[in-house]
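These values consider heavy atoms only, across backbone and side chains, with no hydrogens, waters or symmetry-generated copies. Lettering of chains follows the sequences in order, A, B, ..., and the numbering in each one begins at 1.
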There are 2 protein chains.
Amino acid sequence: MSSMTPRSERIPADERREQILAAATTVFGELGYAGATTDRVARAAGISQPYVVRLFGTKEQLFIETLRRTLARLLAAFRAALAEADAGADAGGDGDGEAREARLGEAYLELVEDRGTLLTLLHGFMMGSDPVIGPVARDGFLQVFRMLRDEAGFTPDQIHRFLADGMLINTLLASGVGLAAKRDRDAAELMDCTFGAHVAEVLERASA
Amino acid sequence: MSSMTPRSERIPADERREQILAAATTVFGELGYAGATTDRVARAAGISQPYVVRLFGTKEQLFIETLRRTLARLLAAFRAALAEADAGADAGGDGDGEAREARLGEAYLELVEDRGTLLTLLHGFMMGSDPVIGPVARDGFLQVFRMLRDEAGFTPDQIHRFLADGMLINTLLASGVGLAAKRDRDAAELMDCTFGAHVAEVLERASA
DNA sequence: GTCTATATGACGATAGAC
DNA sequence: GTCTATCGTCATATAGAC
């Protein structure tokens, strides 16, 4: 009885950092950069607040690493989807890219079904005028653009439509209009106008 | 010398409220709901912090009224654009709606050229899960949808494209990718892919 | 209609023990 | 690797004078 049990197990810092970043994605997503507190992130990760600060230096640094990780996961999901689309294609020359477009769209929906992931991305994009966070967000956006252009081989028009639809999905999801479609007639009609029944269903699940 | 000059002129409360809401649009836009402080709003409006609270009750109420005002201005701008488009049309039956689409798009760009207006709207849409702010934001979005459907007479496909393009413009503007196009090659190509030179120019001005 | 003063409660970050 | 204790700062909201 001469020593108390520590509240958290002693685990490697790398693993701990990953736990914290996952927790931070949820917390920053729901509360935004300013609204989130290091204490809430710490509690979501099951550790003490000073330890979060110890591992990341500052709250700003924690947000940057959270945003970077989310952007990296987005890119990785897109690349995996691309590989799948190409593996599924018939042996002959590549199709017109419609399979890729569809598969990328599905991959995006799966990712942003997690509200924390969706909102962390959006908060990042909205902080374009922050001198340190802005460049990180823009760089992520441009990486996606280059991937669509160079790796997916999208035409300019495909890129335009893909990005624009993605941003509309974000807004429908974040605002809760997707979820409201279950109760509200106009919201349901809006979902019909914009995306088919399939997507609407995913949006509904994700908004919940 | 028995009394000091008040720091602010004594003006009617209605006028004061409008000044404060205009200032709040800038401050909430740049710092977000949580990041903004009633003190910064007060200073932007040239009055004391307690007086802002006195007039609006709470910070939350101030944000709600700021968001409502911004949404109302958006609707008003759209209705004015619609009236213009119809006034400009030749006497015969209405065109296929392309003039309306173009005029509405211009009206939107003019509005979101003000960064505070743009970001206040986006912050609202991102707070869909807030029990009191969420419904206000969704209601605004649905009002826009109904206007497009009932007053502009858009087809479902027109509605889809108009909204999706709008959301992409928002993101390009908020993240600063539009402005970065002046320096960054890929950013410039992205702007080319998505919107023509005309829109890109406006986005550039607006990002500045 | 507007201010000053202030109570009260976070939050971020540091110090230092184990 | 992780904690407890705590300092300094800042924000919302109230009280009350003018």
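OP1 and OP2 of D/dG1 both lie 4.0 Å or more from every side-chain N or O belonging to A/Ser8. Checking the phosphate oxygens (OP1, OP2) of C/dT2, a side-chain nitrogen or oxygen of B/Arg16 falls inside 4.0 Å. Between C/dT14 and A/Arg54, no contact under 4.0 Å exists linking OP1 or OP2 to a side-chain N or O.
Salt bridge present: A/Arg103 and A/Glu106 bring a charged side-chain N and a carboxylate O closer than 4.0 Å.
Atom P of nucleotide C/dG1 and atom CZ of B/Arg17 are separated by 11 Å, given to the nearest angstrom. Taking atom CD1 of B/Ile47 as the reference point, atom P of C/dG1 lies 12 Å away to the nearest angstrom. We find that CD of A/Gln61 is positioned 11 Å from P of C/dA13, with the value rounded to whole Å. Between A/Phe56 atom CZ and C/dT14 atom C1' there is a gap of 18 Å when expressed in whole angstrom units. Rounded to an integer number of Å, the gap from B/Arg43 CZ to C/dT4 C1' is 15 Å. We find that CG of B/Leu55 is positioned 7 Å from P of C/dT2, with the value rounded to whole Å. Whole-Å rounding puts the A/Tyr51 OH to D/dA5 C1' distance at 19 Å.
A salt bridge (charged side-chain N to carboxylate O under 4.0 Å, His left out) check over residues 42-54 of chain B, counting only residues at least two apart or in different chains, returns the pairs B/Asp39-B/Arg43.
Proximity of A/Arg149 to B/Asp186: side-chain heavy atoms (C-beta onward) are separated by under 4.5 Å at one or more points.
One N or O on the side chain of A/His123 and one on the backbone of A/Gly29 form a donor-acceptor pair closer than 3.5 Å. At least one donor-acceptor pair under 3.5 Å links the side chain of A/Thr25 to the backbone N or O of A/Leu21. Between the side chain of A/Ser8 and the main chain of A/Gly46, a donor-acceptor pair closer than 3.5 Å is present.
Here B/Gln143 pairs with B/Leu75, B/Asp139, B/Arg146 under the side chain to side chain contact (heavy atoms under 4.5 Å, CB included) rule; sequence neighbours left out.
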If you restrict it to nitrogen or oxygen atoms, what contacts under 3.5 Å exist between nucleotides 10-12 of chain D and the protein, and what is each distance?
| residue | atom | partner | partner atom | Å |
| --- | --- | --- | --- | --- |
| D/dT12 | OP1 | B/Thr38 | N | 3.4 |
| D/dT12 | OP1 | B/Lys59 | NZ | 3.4 |
| D/dT12 | OP2 | B/Thr38 | N | 3.0 |
| D/dT12 | OP2 | B/Thr38 | OG1 | 2.8 |

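Contacts of B/Pro50 with the nucleic acid, taken as non-hydrogen atoms under 4.0 Å apart, include base atoms.
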